[in-house]
Participant: 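Before I ask anything, let me first share the structure, which is written out below as structure tokens.
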Amino acid sequence: MATEQSRPGGAVGTGLRAARLGTVRAVLWLVAGVLAVRQIAVVLSTPKGERLTDLETWVGPSGVLHVNGSLYDSTRFTGTPFGGLVLKPLTRMAEQALGWGWTFGTLLLVVALGLVAARALPQPVTRRTALLAAPFAVTLLMLSLPVRNTLYLGQTSIIPVLLVLAGCFAVRGERTSGVCIGLAAALQPTVLLFVPLLWFTGRKRAAASTGITFAGATALAWAAMPHDSFTYWVHHLAGVGLGGRADDLANQSLHGALLRLGLTGPLEIVVFFALAAAVAVLGMRRAIHYARDGQLLLAVALTGCVVVAVSPTSWKHQLLWVLLAVVGRVGRKASSRYVWPVAVVLVMTLPAKMVVPNMGALHPLRDNVVLLAALAAALVVPFLSRTSEYYRTPIPTEYAPKAETRFSWAPLLRRVATRPNLLLELLLIRVTYAAYQRTRLEATGSRAAAEDNAGQILAVEKALFLDIEHWFNHAVVQVGWLRGFFDFYYTSFHFVVPLSVLGILYWRRPADYRWARTAIGFTTVLALVGFFFYPLAPPRLMPGLGIIDTIHGVQDFSKPDYGKLTELTNQYAAMPSLHFGWSLWCGLTIALVAPKVWMKVLGLLHPFFTVLAIVATGNHWILDAVGGAAVVGAGFGLTYLLTGPRSTAPRQGRGEPREQPEAAGRLATAVQRNGGGADGDDGGRGGA
């Protein structure tokens, strides 16, 4: 059989792929460098006294390492006595030099951690993975909350993780490996859970060396600081009670979760020890299984997740173990392969309130989201074994036929024909909407600019004879039931109808779901541009116009912040009107997809009633609705440009395309040729 290079164009294609990989690799390293510079700028631009606060608490002029007496008198120092012994020499450094050196040193440790993790991926790996793993890992680490928290506080939590990874993957010899892990345990005692991982996977010398090193380092600290050692190990039971309140949201351990749930006293201690023991036994069994399966990095990650759960306190900067769990592969289908790593990345890089909606019933989930991710990795998530037929060759994703009608210069994306993964969709929709909310809030302009822009809009409307806001608002107010109807319509259907349309399309018409979801996504992003560059006061917030706010009541224009009804919304995000834009998206989508004429008519009535509601309640100008229509049109246009025309194939079954014989043949052929991954890819590696 001819090799790829011997085929016509084979060498050229290989060269192009290599060039693309090189470009992507360079871009990833550039992104990592930019993130590193940004972290340095954030830390060093923060006023003194607000940056590197933990480091200042330890080694500053009034730090606990300078003060005679016990390190733990104030409970501000939470490290082990060995950690205090190691940090003691830093008290002789100049304060400014120490801050710079600590920040740059931490960044170097992060880079080293990313390089070691990239080398630890289970072999063999594809060329693409080999080239991109290191910059991807470093970039992900720079984005993660634990690293950002470590840099801001001046913490040492990178060091134990790096020592463990170095002991497992970088150094030679089991004794040296055990020394590295033993030193990590001397800094963070729960790292001793790696001893059974080493022992039951045949590295008994490394396990013994870990125990000896830990004992030696602890004994050295005991000899140098006997009172502090007694206080830490006996009085505080290996650090329990040191630092902040254990029920603080930053403590993502089982102990912290139980306290937040209201358990206290002896009952909480008993429950904690029982749960910790169960998690340790079950989690370590899984870690040992995956280590024997040849996935040692995943085993290390699972052990670290157990460490997070069973420690009395696992603060934000100590949660880096959870991020390593992205290397696990989950799911038989290529389309499902990215659900787990995306979930982990979102949890470890975004605040919990962006990942979980701010609803009272979901507060326990939101408050313990990292702990739940750690427990899921350690106990629940069904990571694939390397012996599984789906490990390297997942079931390929089925794509719709290539669209014929499109602009030749447009980068047309391939359209997936099957229903998208529900969990991944919910995660991405939630995070995207949270980002939209945050961006919209940040886009708040000044009151003066918003009122000036509103004056411009009103002038244009008068020139076009569209200034009906005052007349229509007062006409509606005169009729009680009509005012109530429009108030209800404005406040009730803005989210319900779009979410219902998306839900029905997802269940019944998956191909149309992807098309419609992409269109509303582009619409929303384009609307943010308007919010940023054209802050606009709605009619109800314009003094002197006499517009009645039918929902919020009379506004006090004498207050400078009268337009800021709440901390959670931007009152000047009026142009374009997404209230009308989303309703128009719903109406057009229903009109295009619905099989019955009466359904199409009912769908188009929604934007009609919405435009009446936004004007009647005083929340928008007529031209705001025109702007909303413009971004909707642009959203559908971009969707057409990137994905081609909407598929008109008839719906079959419950939204899943019926597999034709020729499609089944192509599917089987793709599986035989290594799982449908492009260019010999590994079928969608869950990790870097």
Side-chain angles (χ1 to χ4, degrees), residues 116-125 129 161 164-169 174 177-178 180-181 184-185 190-211 254 274-311 319-333 336-341 343-344 371-394 682-688:
V116 174
R119 289 184 56 189
L121 292 174
Q123 300 297 318
V125 296
T129 301
V161 181
V164 170
L165 289 185
C168 291
F169 303 106
E174 290 194 13
S177 173
C180 291
I181 301 174
T190 45
V191 170
L192 286 174
L193 281 170
F194 282 90
V195 170
L197 177 66
L198 296 171
W199 185 272
F200 290 107
T201 54
R203 304 178 69 179
K204 295 185 178 181
R205 290 184 179 179
S209 179
T210 298
L254 284 169
L275 290 177
V279 170
V281 172
L282 297 176
M284 292 310 303
R285 287 186 63 182
R286 276 169 51 91
I288 292 168
H289 165 74
Y290 287 110
R292 291 172 176 171
D293 185 56
Q295 301 186 68
L296 183 56
L297 181 57
L298 177 59
V300 169
L302 299 189
T303 305
C305 289
V306 174
V307 168
V308 168
V310 304
S311 297
L319 304 176
L320 199 54
W321 299 107
V322 183
L323 187 61
L324 298 177
V326 297
V327 300
R329 299 186 184 184
V330 185
R332 300 187 302 170
K333 297 181 179 180
S336 302
R337 186 58 59 88
Y338 293 100
V339 176
W340 170 249
V344 172
L371 170 64
L372 293 174
L375 291 173
L379 306 177
V380 178
V381 178
F383 298 107
L384 291 174
S385 169
R386 284 166 60 87
T387 59
S388 170
E389 60 178 313
Y390 302 106
Y391 183 81
R392 294 190 59 80
T393 57
D682 57 0
R685 172 176 294 277

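Just so you know, these numbers come straight off a predicted model, no measurement behind them.
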Participant: If you measure from CD1 on I288 to CG on L198, what distance do you get to the nearest 0.5 Å?
Facilitator: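 The CG atom of L198 is 10.0 Å from CD1 of I288, to the nearest 0.5 Å.
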
Participant: Has the side chain of R292 got a donor or acceptor atom that lies under 3.5 Å from a matching backbone atom of T201?
Facilitator: no

Participant: Donor-acceptor pair, distance only, cut-off 3.5 Å: does the side chain of Q295 make one with the backbone of L384?
Facilitator: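 It does hold such a pair.
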
Participant: Going from CG on L165 to CZ on R119, what distance comes out if it is rounded to the nearest 0.5 angstrom?
Facilitator: 12.0 Å

Participant: Under the 3.5 angstrom rule, does the side chain of E389 hit a backbone N or O of T387 as a donor-acceptor pair?
Facilitator: no

Participant: Quick one: does L375's side chain get under 4.5 Å of V380's, heavy atoms only?
Facilitator: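 Not touching, per the 4.5 Å side-chain cut-off.
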
Participant: Using 0.5 Å steps for rounding, measure from the OG1 atom of T303 to the CG atom of L197.
Facilitator: 4.5 Å

Participant: Surrounding CZ of R332 (heavy atoms of other residues, nucleotides or ligands, distance under 6.0 Å), is the total greater than 12?
Facilitator: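 Not buried by this count: 12 neighbours or fewer within 6.0 Å.
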
Participant: Taking the side chain as everything from C-beta on, heavy atoms only, tell me whether F194 gets closer than 4.5 Å to T210.
Facilitator: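 They are not in contact (no side-chain heavy atoms under 4.5 Å apart), so the answer is no.
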
Participant: Please confirm whether the backbone N or O of A377 pairs with a side-chain atom of R286, one donor and one acceptor, at under 3.5 Å?
Facilitator: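 Checking the backbone N and O of A377 against the side chain of R286, a donor-acceptor pair under 3.5 Å is found.
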
Participant: Side-chain contact test, heavy atoms from C-beta onward, threshold under 4.5 Å: evaluate it for C168 versus I181 and give yes or no.
Facilitator: yes

Participant: Less than 4.5 Å apart, any side-chain heavy atom of Y391 and any of R329?
Facilitator: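 In short, these two side chains touch, coming nearer than 4.5 Å.
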
Participant: Is the backbone of L302 close enough, under 3.5 Å, to the side chain of Y290 for a donor and an acceptor to pair up by distance?
Facilitator: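 Between the backbone of L302 and the side chain of Y290 there is no qualifying donor-acceptor contact (under 3.5 Å).
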
Participant: Quick one: does any side-chain atom of W340 pair with a main-chain N or O of G331 as donor and acceptor, under 3.5 Å?
Facilitator: no

